Amino acid sequence: MGDLFWNKVAGAVLAILLIILGLRTFGEGLFGHEELDPETLAYPIDLSVLDVAGASEEEEEGPVDYGALLAAADVSAGARVANRCASCHTFEEGGADGTGPHLWGVVGRQVAAVDGFNYSSAMEEYGSGGTAWMFENLDNFLANPRGYINGTAMSFAGLRDQEDRMNLIAYMRTLSNDPAPLPEPLPEEEPAEEVAGDEIVDAEVETDINSPSEAVAETNELDQEDAVLENADEDAAQDETSPEDEASEEPNEG
């Protein structure tokens, strides 16, 4: 094949590229689009409301009831979850450190306190104030290790399922000769609004029951007032005498 053939191939490739670019330019010209501005829309959108709504949903979640969750946790299921960590940690008493420190007695133990283990600077900084591993920070750390302690050397991605985390923490709590006490469950809130609503309903029912007798009493009072007014009008009419009647009663002085 001569140079003419390759020139044709190159020309065809260039022609295809030019067609593609031309179609793109033509399409943008025909169906041009602009960045949407909330202020210029027919129905303006307040984007800040969406952010506030998301924040309010997070606020409404409320505190985690670790007392109730851990009391209902399955320790044996937690032991099975711990098998995922066995390649880096040991769980038995006196176990050696591996890629991570041993986890015997970890619940209630000060962070970064295992002698001889080379912790990351981020973990040492987290535990520098005497912070201990307890239920809440263990839960947060196990859910997202690197998100909770930025810079940790722990490569585990985390446990997304809350039930798995609670089961694992309940299991690790048993890895001690003196297990840390479980937290008390959060007190149940009294349904104050429901009670107030019931009282309103009861008051309305009582009003409905008593309303017929009250209406009858009001009607009787009105009837009595009308009778008194009628009697007063009749007495006034009798007392008044027209001028013609008075003239007829006067004696003639003829």
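Computed over heavy atoms, backbone and side chain alike; hydrogens, waters and symmetry mates excluded. None of the values given here were measured: they were computed from a predicted structure.
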Item to check | CD/Q110: more than 12 non-hydrogen atoms of other groups inside 6.0 Å | outcome: yes
Next on the checklist: Surrounding CD of E125 (heavy atoms of other residues, nucleotides or ligands, distance under 6.0 Å), is the total greater than 12?
Outcome noted: no
Checklist entry - Taking only residues two or more places apart in sequence or in another chain, which ones pass side-chain contact (heavy atoms from CB on, under 4.5 Å) with D97? => result P101, H102, V114, F117
Next on the checklist: Checking the side chain of R165 only, and the main-chain atoms of R160 only, is there a donor and an acceptor separated by less than 3.5 Å?
Outcome noted: yes
Checklist entry - Would you say T174's side chain and Y171's backbone share a donor-acceptor pair under 3.5 angstrom? => result yes
Checklist entry - What is the ring orientation for W133 with Y126, classed by angle as parallel under 30°, tilted 30 to 60°, or perpendicular over 60°? => result tilted
Checklist entry - Does a donor on one side chain and an acceptor on the other come within less than 3.5 Å for D74 and S76? => result yes
Next on the checklist: Between N137 and A132 (side chain of the first, backbone of the second, donor and acceptor by atom type, cut-off under 3.5 Å), is there such a pair?
Outcome noted: yes
Checklist entry - Within the distance-only criterion (no hydrogens, no angle test), does the side chain of R109 pair as donor or acceptor with the backbone N or O of W104 below 3.5 angstrom? => result yes
Next on the checklist: Does R80 form a salt bridge (charged side-chain N to carboxylate O under 4.0 Å, His left out) with D164? I'd like the steps, not just the answer.
Outcome noted: CA-CA 10 Å; R80 292 191 293 271; D164 285 344; over 6 Å; no
Checklist entry - Any sub-3.5 Å donor-acceptor pair from R146's side-chain atoms to A157's backbone N or O? => result no
Item to check | Any donor-acceptor pair under 3.5 Å from D139 side chain to F135 backbone | outcome: no
Checklist entry - Taking atom CG of N83 as the centre, does the number of heavy atoms from other residues, nucleotides or ligands within less than 6.0 Å exceed 12? => result yes
Checklist entry - Would you find more than 12 non-hydrogen atoms of other residues, nucleotides or ligands less than 6.0 Å from D161 atom CG? => result yes
Item to check | Side-chain donor/acceptor of T90 to backbone N/O of E92, under 3.5 Å | outcome: no
